[in-house]
Amino acid sequence: MGFLEFLSALFGWVYTLSWSLSFYSQPILNIRRKSTSGTTVDFPFINTLGFLAYLTYNTIFYSSQLIRDQYALRNHGHTPSVALNDVVFAAHALVVCAVLTTQYFFPGIWGFERAPGTRPSRLMLGVASGSFVAVAIVSCIVLSVSPYADPRTAWLWLDVVYTISYVKLLITLVKYAPQLAYNFRNRSTKGWSIGQILLDFLGGVLSIAQLLLDSWLQGDWSGVTGNPVKFALGNVSMLYDLVFMTQHYVLYRDDGTAKDGEDDSLLERGEDSRRLD
């Protein structure tokens, strides 16, 4: 293994570690505060669906010979740039996100008082239901294709997998929006863990670096164009991370503990009526 190959593998495992650790920050903060106030269920709820899609996409690309062969037909014989660490990361993320979601849906089992923001907004419910419908429609199209159709141009099961990947991409585009708006309305980031944002930003930088390095080593940029989700995930997440960091460190800096009582009072009010419904 050459130095650049080693560097690519190192980037992969470090970004996996960074992103994986980022998921623990919010549930741990909720446990310490014994409350989910200051946050909404929209983020963990839709994130769980997103990582279910991401795990499905990565597992199929990594292990299905049929899908890998179909990918090669459309990408000049090259194989998908999905590594084992992508599968491990997605599986771990799904489990932790699901656990975090229970803190909002079932606060009693965690010893929490029920706080505002524990019902998913209509926006997120619409995204979730629309995602299932889209995958079902593409699956029906593939089932209707003639077995004698040209696999280079016809609808294939590869397109179903791509649709699942676009579900993850769509969720990444919208999942942070409700929390950003919630912070803006409260003029506070209290209750929202900045640790997860810092780790997510580091993971995004290394994810993009690994993808670009792998494509350069292969001498083929289909690693980017053929895996748009991995490329877009890092970029979109980093943009959101920068906005959250601006909110936390610039716009709504906590200027002392004297403000805590006031912030708690605000966050515990009936904010449900002001969500992104």
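Listed by chain and number, the residues in a side chain to side chain contact (heavy atoms under 4.5 Å, CB included) with L173 are V236 (sequence neighbours excluded). With sequence neighbours excluded, no residue forms a ring-ring contact (aromatic ring centres under 6.0 Å, His included) with Y62.
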For this session: Output, in order, the C-alpha distance, side-chain angles, deciding distance and verdict of side chain to side chain contact (heavy atoms under 4.5 Å, CB included) for H92 and V96.
Result: CA-CA 6 Å; H92 173 263; V96 180; 3.6 Å; yes

Exercise. Between F23 and F89, is a side chain to side chain contact (heavy atoms under 4.5 Å, CB included) present by the stated rule, with each step listed?
Worked result: CA-CA 11 Å; F23 294 108; F89 162 72; 3.5 Å; yes

Exercise. Going through the distances and angles, do D200 and W19 end up as a side chain to side chain donor-acceptor pair (under 3.5 Å)?
Worked result: CA-CA 5 Å; D200 185 69; W19 273 349; 3.3 Å; yes

Exercise. N235 and I208: side chain to side chain contact (heavy atoms under 4.5 Å, CB included), yes or no, with the steps?
Worked result: CA-CA 8 Å; N235 283 290; I208 296 301; 3.7 Å; yes

Problem set entry | Evaluation steps, side chain to side chain donor-acceptor pair (under 3.5 Å), between N183 and T189 | CA-CA 5 Å; N183 292 348; T189 58; 5.9 Å; no

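A distance-only check finds a donor-acceptor pair linking the side chain of Q196 to the backbone of S193 [under 3.5 Å]. Judged by distance alone, with hydrogens and angles left aside, the side-chain atoms of Q179 form no donor-acceptor pair with the main-chain N or O of F43 at under 3.5 Å. When atom types are taken as modelled, the side chain of S8 and the backbone of L4 share no donor-acceptor pair closer than 3.5 angstrom. S129 contributes a side-chain N or O that, together with a main-chain N or O of G126, makes up a donor-acceptor pair within less than 3.5 Å. No side-chain donor-acceptor contact under 3.5 Å links S207 to the backbone of G203. Side-chain atoms of N58 never come within 3.5 Å of backbone atoms of L55 as a donor-acceptor pair (strictly under, hydrogens ignored). In this structure, R33 contributes its side chain and S37 its backbone to a donor-acceptor pair below 3.5 Å. Remark: the backbone N or O of Y71 is paired with a side-chain donor or acceptor of N75 at under 3.5 angstrom.
Atom NZ of K190 sits about 12.5 Å away from atom OG1 of T39, to the nearest 0.5 Å. From D241, atom CG reaches atom OG1 of T246 across 10.5 Å, with rounding to the nearest 0.5 Å. Rounding to the nearest 0.5 Å places CG of L100 at 7.5 Å from OG1 of T48. Once rounded to the nearest 0.5 Å, the distance linking CG of L10 with CZ of F6 reads 5.0 Å. F11 CZ to L206 CG: the interatomic distance, rounded to the nearest 0.5 Å, is 6.0 Å. Between the CG atom of N47 and the CD1 atom of I171 there is a distance of 8.0 Å, given to the nearest 0.5 Å.
No side-chain heavy atom of W192 sits less than 4.5 Å from a side-chain heavy atom of Q247. Side-chain contact between I197 and I194: present, with at least one pair of heavy atoms (C-beta onward) separated by less than 4.5 Å. Counting heavy atoms from C-beta outward, Y182 and P116 have side chains that approach closer than 4.5 Å. Residues F61 and Y162 meet the side-chain proximity criterion, which asks for heavy atoms closer than 4.5 Å. Side-chain contact between F51 and K168: present, with at least one pair of heavy atoms (C-beta onward) separated by less than 4.5 Å. Inter-residue side-chain proximity for V41 and Q103 is flagged as unmet; no heavy-atom pair is nearer than 4.5 Å. Using a 4.5 Å heavy-atom cutoff, the side chains of D42 and I46 are not in contact. Between W110 and I31, some side-chain heavy-atom pair lies under the 4.5 Å cut-off.
With 3.5 Å as the limit, one finds no donor-acceptor pair spanning the side chains of S165 and Y54. In this structure, a donor-acceptor pair under 3.5 Å is absent between the side chains of S64 and R68. A donor-acceptor pair shorter than 3.5 Å cannot be found between the side chains of N30 and T36.
Remark: F106 CZ is loosely packed, at most 12 non-hydrogen atoms of other residues, nucleotides or ligands lying under 6.0 Å away. Residue-environment remark: CZ (F132) stays at or below the threshold of 12 foreign heavy atoms within 6.0 Å.
Each of Y176, Y249, F201 was compared with F244 under the side chain to side chain contact (heavy atoms under 4.5 Å, CB included) criterion, and only Y176 meets it.
Note on V135: it clusters hydrophobically with M124, by side-chain heavy-atom contacts below 4.5 Å among ILVMFWY residues. V99 and Y24 fall within the same hydrophobic cluster, defined by Ile, Leu, Val, Met, Phe, Trp and Tyr side-chain heavy atoms under 4.5 Å apart, directly or through other members. Both L170 and Y57 belong to a common hydrophobic cluster when Ile, Leu, Val, Met, Phe, Trp and Tyr are linked at side-chain heavy-atom distances under 4.5 angstrom. Taking hydrophobic clusters as Ile, Leu, Val, Met, Phe, Trp and Tyr residues chained together by side-chain heavy-atom distances below 4.5 Å, Y166 shares a cluster with W157. Residues L202 and L17 are members of separate hydrophobic clusters, defined by side-chain heavy-atom contacts under 4.5 angstrom among Ile, Leu, Val, Met, Phe, Trp and Tyr.
A pairwise comparison of heavy atoms in T172 and S237 identifies CG2-OG, 3.8 Å as the closest pair. Heavy-atom minimum distance, L199 versus S18: CB-O, 3.5 Å. Contact detail for S63 and T59: the closest heavy-atom pair is OG-O, 2.5 Å. Of all the heavy atoms in R114 and F105, the pair that sits closest is NH2-O, 3.4 Å. Between A154 and V145, the shortest heavy-atom contact is CB-CG1, 4.1 Å.
L29 shares a hydrophobic cluster with no other residue; no ILVMFWY side chain has heavy atoms under 4.5 Å from its own.
The existence of a salt bridge linking D69 and R74 is excluded, since no basic side-chain nitrogen approaches an acidic carboxylate oxygen closer than 4.0 Å.
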